[in-house]
Amino acid sequence: MLRKTEWQHCLQVFEEMFPDAHCELVHQNPFELLIATLLSAQATDVHVNKVTAELFQKYRTPEDYIRVSLEELENDIRSIGLYRNKAKNIRALCEMLITEYNGILPEDRDELTKFPGVGRKTANVVVSNAFGIPALAVDTHVERVSKRLGMCRWKDNVTQVEEKLMRWTPREEWTNTHHRMIFFGRYHCKAQNPNCPECPLLDLCREGKKRMRAK
DNA sequence: CTCCCGATAT
DNA sequence: ATATCAGGAG
């Protein structure tokens, strides 16, 4: 298992490799970010941006998503995958936003998870990126990188990974670290064929050393 | 744990 | 052909 001082070194390396890591889901306001993040489940952000480019022209407010039929909304997001669940959730979410929240998104993580289709990860993305509240959302990249490095256990669930990351990372660095770990996982420590030979963290990486031995 | 699901990379 | 992609609900 990784030591805390080794993790602090990882944080430094993440910053050096991806100093300008940021949210790559294109959005103009908190509501658009929520929709984009909900759509991003099991889809690449490039693909999400391709879909939202047109979607956000047609749908600007929660009311706009309610006006059309469920079938029409499904068609507008079909190419993204998991489109039936996502369309149903977006609709229910918008109705709830209008009737219970006066159309205004709450700036609270636990309040956001009450919306259909919004789990802990999505809520963390919204509060950190849209409202400036420190959060460390654990997505597929953050989880994979954490487990490969050995900063948590393989069997830990995403909540346990998040707790460990928050405990070992200064609060003011949570949001930055989240973005840097995504970039690190997406462009360097990739799911298929990670670039271990050129990795500055190879010396302390459990999975990396194992992979190098196997070759 | 399974299901939802199309697009893309390997 | 198969794995993976900014997950969440039942």
Side-chain angles (χ1 to χ4, degrees), chain A residues 14 18 20-27 30-56 70-71 73-97 109-131 133-148 154-162 165 174-197 207 211 215:
Chain A
F14 293 153
F18 303 102
D20 51 1
H22 58 281
C23 178
E24 295 201 302
L25 293 169
V26 177
H27 63 283
F31 178 62
E32 284 190 355
L33 178 60
L34 178 63
I35 300 294
T37 310
L38 196 149
L39 289 174
S40 72
Q42 299 297 291
T44 62
D45 58 335
V46 175
H47 191 180
V48 173
N49 291 336
K50 207 175 292 179
V51 170
T52 56
E54 290 193 29
L55 192 73
F56 291 164
L70 183 58
E71 291 72 28
L73 181 56
E74 284 180 353
N75 263 318
D76 290 335
I77 65 170
R78 183 171 302 269
S79 75
I80 207 72
L82 307 179
Y83 64 91
R84 272 187 287 241
N85 284 336
K86 290 174 182 176
K88 184 153 52 73
N89 285 332
I90 289 173
R91 244 184 111 73
L93 178 156
C94 287
E95 289 193 22
M96 191 169 150
L97 192 55
R109 204 266 312 278
D110 294 323
E111 200 67 27
L112 284 168
T113 55
K114 293 179 181 173
F115 289 89
V118 180
R120 195 181 176 85
K121 179 255 168 178
T122 301
N124 275 334
V125 167
V126 172
V127 296
S128 59
N129 287 301
F131 301 136
I133 299 169
L136 228 165
V138 177
D139 73 333
T140 180
H141 299 295
V142 175
E143 180 178 10
R144 182 179 66 251
V145 170
S146 300
K147 291 186 175 181
R148 279 182 177 167
W154 278 107
K155 57 184 178 185
D156 284 351
N157 60 41
V158 290
T159 307
Q160 292 173 303
V161 177
E162 184 186 330
L165 283 167
W174 285 355
T175 303
N176 273 339
T177 299
H178 157 72
H179 288 131
R180 289 167 189 158
M181 287 183 77
I182 286 182
F183 273 57
F184 183 78
R186 182 180 293 158
Y187 303 116
H188 179 81
C189 189
K190 295 175 286 189
Q192 303 173 274
N193 193 24
N195 192 1
C196 300
E207 181 67 13
R211 282 171 181 267
K215 291 183 95 174

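All chains are named by letter (A, B, ...) in the order of the sequence lines, taking the proteins before the strands, and each is independently numbered beginning at 1.
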Quick one: is C:dG7 close enough that its OP1 or OP2 comes under 4.0 Å of any side-chain N or O from A:R120?
-> no
Rounded to whole Å, the CG-C1' distance (A:L33 to C:dA6) equals 10 Å
Out of C:dA6, C:dC5, C:dG7, minimum distance to the side chain of A:L82 belongs to C:dG7
Which of C:dT4, C:dA6, B:dC5 is nearest the side chain of A:H141? It is C:dA6
When rounded to whole Å, the CG to P distance for the pair A:L39 and C:dC5 reads 18 Å
Open item on the list: Base, sugar-phosphate or nothing for A:V118? Non-hydrogen atoms, less than 4.0 Å.
Closed with: sugar-phosphate
Which of C:dC5, B:dC5, C:dA6 is nearest the side chain of A:A191? It is C:dC5
* With a 4.0 Å cut-off on heavy atoms, is A:K50 in touch with a base, just the backbone sugar-phosphate, or nothing at all? -> sugar-phosphate
| request: Taking only the side-chain nitrogens and oxygens of A:K86, find out if one of them lies under 4.0 Å from OP1 or OP2 of C:dA9. | output: no
Taken to the nearest whole Å, CD/A:E143 to P/C:dT4 is 13 Å
When rounded to whole Å, the CG to P distance for the pair A:N75 and B:dG6 reads 12 Å
* Less than 4.5 Å apart, any side-chain heavy atom of A:P194 and any of A:E207? -> no
Margin query: Taking the C1' atom in each of C:dC5 and B:dC4, what is the distance between them to the nearest angstrom?
Written below: 14 Å
Check: Aromatic ring centroids of A:F183 and A:H22 under 6.0 Å?
Finding: yes
note: A:E74, atom CD; B:dC5, atom C1'; distance rounded to Å ~ 12 Å
Quick check on B:dA7: is either OP1 or OP2 less than 4.0 Å from any side-chain nitrogen or oxygen of A:H47?
no
Out of C:dC5, C:dA6, B:dT10, minimum distance to the side chain of A:S40 belongs to C:dA6
Q. Just to confirm, is there a sub-4.0 Å distance from OP1 or OP2 of C:dG8 to any side-chain nitrogen or oxygen of A:T122?
A. yes
A:Q192 has its side chain closest, among C:dA6, B:dC5, C:dA3, to C:dA3
note: A:E162, atom CD; C:dG8, atom P; distance rounded to Å ~ 11 Å
Self-check item: Separation of the P atoms in C:dG8 and B:dA7, to the nearest angstrom
Solution: 22 Å
Open item on the list: Roughly how many Å apart are B:dC5 and C:dT4, using the C1' atom of each and rounding to a whole number?
Closed with: 13 Å
Using side-chain heavy atoms (C-beta onward) and a distance below 4.5 Å, is A:K121 in contact with A:V158? no
From CD1 of A:I80 across to P of B:dA7 the rounded distance in Å is 9 Å
Can any side-chain N or O of A:R120 pair as donor or acceptor with the backbone N or O of A:T159 at less than 3.5 Å?
-> no
Ring of A:Y83, cation from A:R78 - is the NZ or CZ under 6.0 Å from the centre and inside 45° of the axis?
yes
Self-check item: N or O in side chain of A:R84 less than 4.0 angstrom from B:dG6 OP1/OP2
Solution: no
Which is true for A:S79 with a 4.0 Å heavy-atom rule: it touches a base, it touches only sugar-phosphate, or it touches nothing?
sugar-phosphate
Closest of C:dA3, C:dG7, C:dC5 to the A:T44 side chain is C:dC5
Notebook entry, point to check: When you compare B:dT10 with C:dA6, how far apart are their P atoms, in angstrom units rounded to a whole number?
Noted result: 13 Å
Is there side-chain contact between A:F131 and A:P30, with at least one heavy-atom pair below 4.5 Å? yes
In short, A:T122 meets A:L38 closest at the heavy-atom pair CG2-N, 4.4 Å
Walking DNA chain C from its 5' end, the first of A:G117 and A:D45 to be reached, judged by nearest nucleotide, is A:D45
In whole angstroms, the gap separating P of B:dA9 from OH of A:Y187 amounts to 13 Å
